[in-house]
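The structure appears below as structure tokens.
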Amino acid sequence: MQVPQWVIETKRDGGTLSKDEISDFIHGYHQGQIPDYQMAALAMAIYLKGMTFEETAFLTQAMMDTGQCLDTSTLTRPVCDKHSTGGIGDKVSLILAPLAAACGLDVPMISGRGLGITGGTLDKLETIPGFRTDLNEEELIDVVRSVHACIVGQTERLAPADKKLYALRDVTATVPSIPLITASIMCKKMSEGLDSLVLDVKVGRGAFMESMERARDLAMSMVRVGKEMGTHVTALLTRMDEPLGRTVGNAVEVQESIRMLQGDAEGPLWEVTRELTALMLASTPLQPDVESARNAVQEALESGAGFMCMKAMLKAQGANPDICENLDRLPAASQTMAFSADASGTVTDVDANAIGRAVLVLGGGRMKAEDAIHPGVGITDLIRSGEQIEKGAPLFTLHHEGGERLAKALELLQDAIQISPEPFTAPDILLETITS
Ligand code: URA
């Protein structure tokens with residue numbers, strides 16, 4: 001066992017830590033021998049001085065080694081997953097998992113809950129009556145073996161040190177550190193026994209990483225760590241200045257996802273979903289390149305194969321798949337209100353941050369992990385930049401419960417959408433692909 005304060009001292013002074021120093025420290029912390037204050041001091045030293053890729057890979061491995069890996073040995077197809085760094089209206093996982101399954105992959109997807117302004121896949125799926133996200137690891141693998149896609153929450157056995165360390169980072173101002181974020185995300189994903197992983201690294205004011213440089217650094221860090229650990233990782237940088245798709249909320253995003261799988265696929269949400277699914281597919285022996293993988297994904301959508309996989313996944317996880325034909329049975333808010341344009345012109349901006357905060361105050365998100373959410377509130381029929389609007393026409397519809405929450409949301413939304421008399425073309429949503 002290394003002396004913890006010497007390890008902290010080395011990093012504080014900008015030195016490089018060895019594999020054993022990192023491993024002993026993380027195991028000591030996980031087992032309660034190293035107290036929170038020493039772990040917090042090391043996290044702050046890492047935040048300030050950074051880590052080499054090699055150190056970051058050692059940290060990832062040490063955190064993985066505090067738990068067990070998912071046993072995917074009984075799965076016969078390429079095993080893949082996708083992770084998003086989080087955005088507003090980001091419902092890609094709900095569409096991608098069944099589509100990837102329809103294209104021949106096995107997708108044991110482990111997802112998270114929404115925190116702050118970014119939504120969470122589990123909160124969205126749990127709006128579907130009966131849908132279980134709390135399957136254990138054996139149940140997860142059974143579902144994947146039979147229907148090839150399954151979306152569940154984090155289990156206690158996969159990289160448990162991350163949960164403890166993340167909670168500590170959250171209260172010690174050490175979350176936005178590239179090596180710490182890399183290790184936190186990758187220790188969980190590498191524990192899933194994957195052949196390949198795709199990362200959606202969001203860039204913009206509705207994302208964790210606001211600048212292209214930081215997003216690129218994070219993407220490269222995760223791709224390199226994945227490579228060191230023997231997993232093919234591809235990162236797609238995507239623009240997150242405005243919400244993805246026409247809805248923001250929980251049940252409303254499930255509705256939009258199911259409609260997309262039924263064939264209503266267009267715009268940036270489809271572009272991002274198709275590209276991520278294609279990158280996943282092209283990283284396996286099933287497709288020779290990204291172009292043919294894109295065609296396969298389009299075919300899985302148009303043939304209805306992705307939709308059938310969605311229904312099979314819903315059934316396997318406890319929900320009645322007939323909900324897909326009865327989307328009005330999903331939870332709903334008691335009131336709706338259209339928000340109208342005060343001028344005619346072209347939409348030049350839809351502020352993801354303002355919209356994310358408005359949905360949060362309506363009750364669609366949580367400030368603390370233990371907060372409850374309202375499954376039915378949110379925004380639908382959202383206009384996007386580049387589209388024309390007439391004065392008085394709706395920019396979006398709010399689904400709400402009235403009262404102070406509505407008043408606060410309306411205040412946040414007041415300047416969220418900009419309209420110009422000049423023509424405007426929306427910038428591309430797909431920014432850059434980084435792969436090993
Ligand atoms: N998501 C994670 O899982 N960990 C981080 O550190 C940041 C985002």
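Please read these numbers as outputs of a predicted model, since none were measured by experiment. Residues take their numbers from the sequence shown, with the count starting at 1. Each ligand, and each atom within it, is numbered from 1 in the order the structure gives.
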Do the charged groups of R274 and E266 touch, with an N to O distance under 4.0 Å?
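Not counted as a salt bridge, because no side-chain N and carboxylate O are separated by less than 4.0 Å.
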
Those atoms of ligand 1 less than 4.0 Å from some heavy atom in [X]:
X	value
F208	7 (C), 8 (C)
Y166	4 (N), 5 (C), 6 (O), 7 (C)
K188	2 (C), 3 (O)

Taking only residues at least two apart or on different chains, which pairs with a member in residues 211-224 satisfy salt bridge (Lys or Arg N to Asp or Glu O under 4.0 Å)?
R216-E432

Pairs where residues 72-82 contributes a residue and the test salt bridge (Lys or Arg N to Asp or Glu O under 4.0 Å) is met, not counting sequence neighbours:
D81-K189

Are D200 and T238 close enough that a side-chain donor and a side-chain acceptor fall under 3.5 Å?
yes

Of P176, C187, A183, S184, which has the heavy atom at the shortest distance from atom 2 (C) of ligand 1?
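The residue whose heavy atom sits nearest atom 2 (C) of ligand 1 is S184.
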
Roughly how far apart are L327 CG and E256 CD, rounded to 0.5 Å?
11.5 Å

Less than 4.0 Å is my threshold; does some heavy atom of I185 fall inside it relative to ligand 1?
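The answer is yes, since I185 has a heavy atom less than 4.0 Å from ligand 1.
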
